[in-house]
2 protein chains.
Amino acid sequence: MNINHIELRHLRLLQAVTEAGGLTAAAERLHLTQSAVSHQLKALEDALGLQLIERATRPLGLTAAGRRLLTLAHAALPQVDSALRDLAKLKDGDAGELRIAVECHTCYDWLMPAMDSYRDVWPGVELDLLGGFQADPVGLLLDGRADLVITSETVPRAGIAYAPLFGFEMLALLTPDHPLAAKKWLLPADFAGHTLITYPVPEDRLDLIRRVLAPAGIKPARREAQLTVAILQLVASRRGLAALPAWAVAPYLERGYIAARRIGKHGLWAELHVAVREADAARAYVADFIETVKRDSFARLPGIRPAIIAP
Amino acid sequence: MNINHIELRHLRLLQAVTEAGGLTAAAERLHLTQSAVSHQLKALEDALGLQLIERATRPLGLTAAGRRLLTLAHAALPQVDSALRDLAKLKDGDAGELRIAVECHTCYDWLMPAMDSYRDVWPGVELDLLGGFQADPVGLLLDGRADLVITSETVPRAGIAYAPLFGFEMLALLTPDHPLAAKKWLLPADFAGHTLITYPVPEDRLDLIRRVLAPAGIKPARREAQLTVAILQLVASRRGLAALPAWAVAPYLERGYIAARRIGKHGLWAELHVAVREADAARAYVADFIETVKRDSFARLPGIRPAIIAP
DNA sequence: TGTTTATATGAATATCAATCATATCGAGCT
DNA sequence: AGCTCGATATGATTGATATTCATATAAACA
């Protein structure tokens, strides 16, 4: 490869590697194998005749050359994205309506800021957030009461297209002085005899119960709370255990009056997807909403990873 | 091809086509066949779902989409070229980056002029001064946030190389009519009962305290000031004593409203060293920076001597 | 010192870009 | 109209190279 054959792909690669903090993590983000990333990075370094990243240090650092190229990436890639958005607007028009239904309570945390940055770019699109609990949110798409649903399910349905957002870890919450806090991770049996504090949704919508406790035959008592802070409050005052997404609890962990533990050795991971009508999937303002949410989430939320399950 | 697979190649193509005024001419410029240009343009248009050039007209014109993409090309390609030029310089070794962290406040006095003369010789090297107090400046080297540190310590660390700059004398400052001014040199006990005016750094970074007062069990009250002139001001108005490098006070001694005395019979001597990553030590522009600073200092600073302690 | 996790690498494969050969198109001409 | 010429388009093939797979190697952890 020649120095003049630098491509946007290489800039995207370098950006992903530095943002993800490693080749393997970057590979996931780019939907490539680790090998591809390694090869491509090496090809780039060979072409330039310069090292771009310090292999020895951890967390992996950039060389002067790497920093220069990253500066270019930061300058050029947003320009490209902006141009592509303009082209998309030329193609499909720049106005529309997005009525959004959200299945998970904690999603509002990141959805609101994502919507804000989306509004900056697509001022002509009317955003509406549907409130209240929905038994069958994807059904709302089919009978035209919503245009976009954020859900953890991906059951195939005629006329519905799914796009993956990200995977996240559910953490068990307890007080720092709780007997279970001594363990590095919790097992299903650990939940027996404790009250489980949850949002007011049916059991089959709670990953902890559906995927961990129910299979182990454990049915803890439940207590419901509407708001995230209320759940945290109840846990802190020792009324029981809870399980929330890692990103939602991160800000509270620092204070130290609450602690989080993995659920199972490798953690309990869940995923979020976007569902839209197939007819809408190709619309520029819809596709870009999904992109915006994804980009925003990866930049903002700690401890998330690309979704694994194919949509 | 997907819309996200836009590459610089496509921007270069569009630019060539518009500048050359046709596909055939553009092909020549790009050292491609006319067929390749046609294929690539079509692939690009298909990916975007938009026409980019008006085929019918002659001389061939751009569509709105084409103009938007050409705008992007005009913005992005020069940035890329500029980055590539910088990288080429980095490669040849006549360019680089020196992010400099300085441990001692007074060092700025001589560092600035030294940097000025260095810049004349190495215009391709980007000089950056890291601001703020650093708890572990040499650590900045290891995690890649600095490239060169000016420090008084030389604790050996893996991957770090030290080079001596010079030794200098710390002088105690007082008013000419101060009772202690009668002495030729001051002893630790002389500081008892006086306020010590210092830069805002921890005690163990102050040679006077660490090497003279603390061993003698003397803990004077401290008062902090940010700037050298502020310290002198406070001394002159009899708020306490201070200790500064000889070179830093020399210009003020002449005025006569402040006096300086040795600390101990033979004076309190300290040394300054440069720390760099071993990997960087051999680079010409790094080695020459150290040489320049040294030469400049010996030429400019009164009362300094070569460093004695082996690095 | 084993065990896990991250990165590197050679060979095989898959993907995509460039070429060759040829078709199509449009403008100017008689 | 029919013809010609220069430019662009297109299908099939070749060539290049990005990606993967299967490992090896290296670093971190306990």
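Each chain gets a letter, A, B and so on, in the order the sequences are listed, and its residues count up from 1.
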*Is the distance between the ring centroids of A:W247 and A:F168 under 6.0 Å?*
yes
[X] has an atom [atom1]; how far is it from atom [atom2] of [N], in whole Å?
X	N	atom1	atom2	answer
B:Q34	C:dC25	CD	P	15 Å
B:R9	C:dA18	CZ	P	6 Å
B:L32	C:dA18	CG	P	6 Å
A:L13	D:dA18	CG	P	12 Å
A:K184	D:dA30	NZ	C1'	9 Å
A:M1	D:dA18	CE	C1'	11 Å
A:E28	C:dT5	CD	P	13 Å
B:L60	C:dG26	CG	C1'	14 Å

*Using the ring of A:W110 (Phe, Tyr or Trp, six-membered ring only), decide whether A:R300 places NZ or CZ under 6.0 Å from its centre and within 45 degrees of its axis.*
no
*Where the side chain of A:R55 is defined as all heavy atoms beyond and including C-beta, which of D:dT20, D:dA18, C:dA8 is the nearest nucleotide?*
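Nearest to the side-chain atoms of A:R55, counting from C-beta on, is C:dA8.
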*Looking only at side-chain atoms of A:T24, point me to the closest of C:dT19, C:dA17, C:dA6.*
C:dA6
*If you pin A:K265 and A:L23 to their nearest nucleotides in DNA chain C, which one's is more 5'?*
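By nearest-heavy-atom nucleotide position, the 5'-most residue is A:K265.
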Can you give the donor-acceptor pairs under 3.5 Å from side chains of residues 70-80 of chain A to other protein atoms, not counting sequence neighbours?
| residue | atom | partner | partner atom | Å |
| --- | --- | --- | --- | --- |
| A:T71 | OG1 | A:R67 | O | 2.8 |
| A:H74 | ND1 | A:Q15 | NE2 | 3.3 |

*In terms of the nearest nucleotide of DNA chain D, which residue is placed more toward the 5' end: B:A36 or A:H5?*
B:A36
*Verify, without hydrogens or angle tests, whether B:R277 (side chain) and B:A146 (backbone) share a donor-acceptor contact under 3.5 angstrom.*
yes
_Does a side-chain N or O of A:T33 approach OP1 or OP2 of D:dT19 to a distance below 4.0 Å, or not?_
no
_Side-chain N or O of B:S35 closer than 4.0 Å to phosphate OP1/OP2 of D:dA9_ = no
_Ion pair A:R68/B:D86, N-O distance below 4.0 Å_ =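 Yes, this pair counts.
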*Face-to-face contact A:H39 to C:dT9 six-ring, under 5.5 Å, under 30°*: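 By the stated criterion, A:H39 and C:dT9 stack.
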